Amino acid sequence: MKAHDGMYIGGEWRPAAGPDRIEVVNPADERVIAGVPAGTAEDVDAAVRAARAAFPGWAATPPAERAALIGALRDVLVARKGEIAETVTAELGSPLGFAEAVHVGAPIAVASSYAELAASYTFEERLGNSTVFLEPVGVVGAITPWNYPLHQVVAKVAPALAAGCTVVLKPAEDTPLTAQLFAEAVHEAGIPAGVFNLVTGTGPVAGQALAEHEGVDLVSFTGSTAVGRKIGAIAGAAVKRVALELGGKSANVILPGADLAKAVAAGVGHVMNNTGQSCNALTRMLVHRDQYEEAVALAAAAVAKYPSGDPREPGTRLGPVVNAGQRDRVRGYIAKGVEEGARLVAGGPDAPHERGYFVAPTVFADVTPDMTIAQEEIFGPVLAILSYEDEDDALRIANGTVYGLGGAVWAADTETAVAFARRMDTGQVDINGGRFNVLAPFGGYKQSGVGRELGPHGLGEYLQTKSLQF
Ligand code: NAD
């Protein structure tokens, strides 16, 4: 696959400071498809300097002009949709149809929303005898994971640019090629030099250097809770702003009276999409004990529609997980589920194919809330079905993890579902199959994170206030 042998800094591709490289592997066949430079603190420093230099000009650019350039960026993403989807499939293993519809479709929708928001947002307000100005925070250090290689980037860069901030991006090691395509799109859209910069590299070297750099005013991180804690500590010590979008263990609560078949099928689909590698995946299904066995049978039937296969083949709905480490980790969790006494209804720890980082789509029944597979984020195609006695019991189980990112409630009517959702300790809840909304704030309660992404709330993360009294 096509790859740049350099970093995108100050509007051009520059050679990396050091000799280290990262190999990009296709998880479907384990072949090396490209290599990119592994950046050092020196590359990060050059990128932060470029972003600093570009900041005053970009912050002073009228919002309508920033909006037009974000719109131009969206148009380039639309024009290069096919190429981006193929790249996501090659480096992440996402089935091509899902890559086109979601991996590219969602960021295009997000970029569109910020093209509109940049133009319409009120960057000043009157409060009594004061005028409050909402000003850009400065230089943003964005650190992204591999699970949605383009969406995670656009969910940070588009609002940062709309706010008037400049950005240095350090994308995940596994998916740097999509990030390079994004940098090309920024260039093609005519966004001024230095406003967006890209440094590929490893987390502990380039990522850490970016989080620690004193020229970075805000670190926006998405990834594991373990690394999020470290980044939070670095930001805390330097008193710089930080946004953390971390893991989840979201509950799909099916209340008596809901359309059980629809709720179970949608719940299984939500976990199997992206091979279970979504931070808000509804990995715990909660069913009333009277309907439990019926739900388990429905889930077994639903998961049979997700056989894993070559993500490039049309019709494949489940690809591999991203790398060998994730495959081993997920299969380890499945073995742990069996060991702790959960009942395997589908799948299991064995490899479904000889080559590629595949995990069998797996459903567990008889899962109790204290089991490891009911508490920890697995990040693979693994669903745990739990039973509850009554609504209070369901709520206790739903809220009984350290996480609080997503969730879903199914009930006979909207009011019942909303009443339950209001008692859940989580940042987002889909009511009776409610669809993902790019304008709704996305982020976590509890250890799922700090701050919100997307829509006007996401834009607010990149702004700081200045009040003038008259
Ligand atoms: P990770 O947290 O290690 O990596 C995320 C990003 O942080 C990558 O760009 C990485 O290079 C960078 N990073 C790693 N160490 C760093 C450091 N010390 N300083 C600065 N940056 C650093 O996540 P991962 O290894 O890719 O995945 C591990 C687990 O994280 C997954 O199994 C899953 O549970 C979770 N995860 C969550 C999300 C999410 O959207 N919430 C996304 C991906 C992974």
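Nothing here was measured: the structure is a model prediction, and the numbers come from that model. First listed ligand is number 1; within each ligand, the first listed atom is number 1.
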Can you find a side-chain donor-acceptor pair between Gln447 and Arg229 that sits under 3.5 Å?
-> yes

Atom 13 (N) of ligand 1 [closest protein heavy-atom partner, distance rounded to 0.1 Å] | Gly203 CA, 3.3 Å

Taking atom 36 (N) of ligand 1 as the reference point, the nearest protein heavy atom with its distance = Phe379 CZ, 3.7 Å

Do His270 and Asn252 get their side chains close enough for a donor-acceptor pair, meaning under 3.5 Å?
-> no

Interatomic distance, Phe420 atom CZ to Trp410 atom CH2 [nearest 0.5 angstrom] | 15.0 Å

Gly248 near ligand 1 by a heavy-atom separation under 4.0 Å = no

Go through the side-chain N and O atoms of Thr368 and Asp370 and say whether any donor and acceptor fall under 3.5 Å apart.
-> yes

Got the closest protein heavy atom to atom 12 (C) of ligand 1, with its distance?
-> Ile143 CG2, 3.6 Å

Could you establish whether Arg329 and ligand 1 come within less than 4.0 Å of each other, counting only heavy atoms on the residue side?
-> yes

Got a sec: does the NZ of Lys230 have more than 12 other heavy atoms crowding it under 6.0 Å?
-> no

Residues at least two apart in sequence or cross-chain that pass ring pair (Phe, Tyr, Trp, His ring centres under 6.0 Å) with Phe379, listed by chain then number, are Trp146

Side chains of Ser220 and Glu461, donor plus acceptor under 3.5 Å = no

Atom 43 (C) of ligand 1 - nearest protein heavy atom and its distance | Pro145 CB, 3.3 Å

Check ligand 1 against Asn147 and write out every atom of the ligand that is under 4.0 Å from a heavy-atom position of the residue.
-> 40 (O), 42 (C)

Strictly under 6.0 Å, is that where the ring centroids of Tyr445 and Tyr403 end up?
-> no

Give the residue, atom name and distance (to 0.1 Å) of the protein heavy atom nearest atom 8 (C) of ligand 1.
-> Thr144 O, 3.4 Å

Looking at Lys249, Glu377, Gln208, the heavy atom closest to atom 34 (O) of ligand 1 belongs to Glu377

For atom 37 (C) of ligand 1, the option (of Cys279, Gly223, Ser448) bearing the nearest heavy atom | Gly223

Return yes when Ala211 approaches ligand 1 closer than 4.0 angstrom through a heavy atom, no otherwise.
-> no

Considering Gly380, Ser224, Gly228, Gly207, which one's heavy-atom position lies nearest to atom 20 (C) of ligand 1?
-> Gly207

Nearest neighbour in protein (non-hydrogen) for atom 26 (O) of ligand 1 | Trp146 NE1, 2.5 Å

Can you find a protein heavy atom closer to atom 4 (O) of ligand 1 than 4.0 Å?
-> no

Any Phe221 heavy atom less than 4.0 Å from ligand 1 = yes

Not counting sequence neighbours, which residues clear side-chain hydrogen bond (donor to acceptor under 3.5 Å, both in side chains) with Gln152? List them please.
-> Asn147

Polar proximity ligand 1 side, Glu173 side, N/O cut 3.5 Å exclusive = yes

Between Leu246 and ligand 1, is there a nitrogen or oxygen pair with a distance under 3.5 Å?
-> yes

List the steps, then state whether salt bridge (charged side-chain N to carboxylate O under 4.0 Å, His left out) holds for Arg31 with Glu23.
-> CA-CA 10 Å; Arg31 290 211 174 94; Glu23 284 188 339; over 6 Å; no

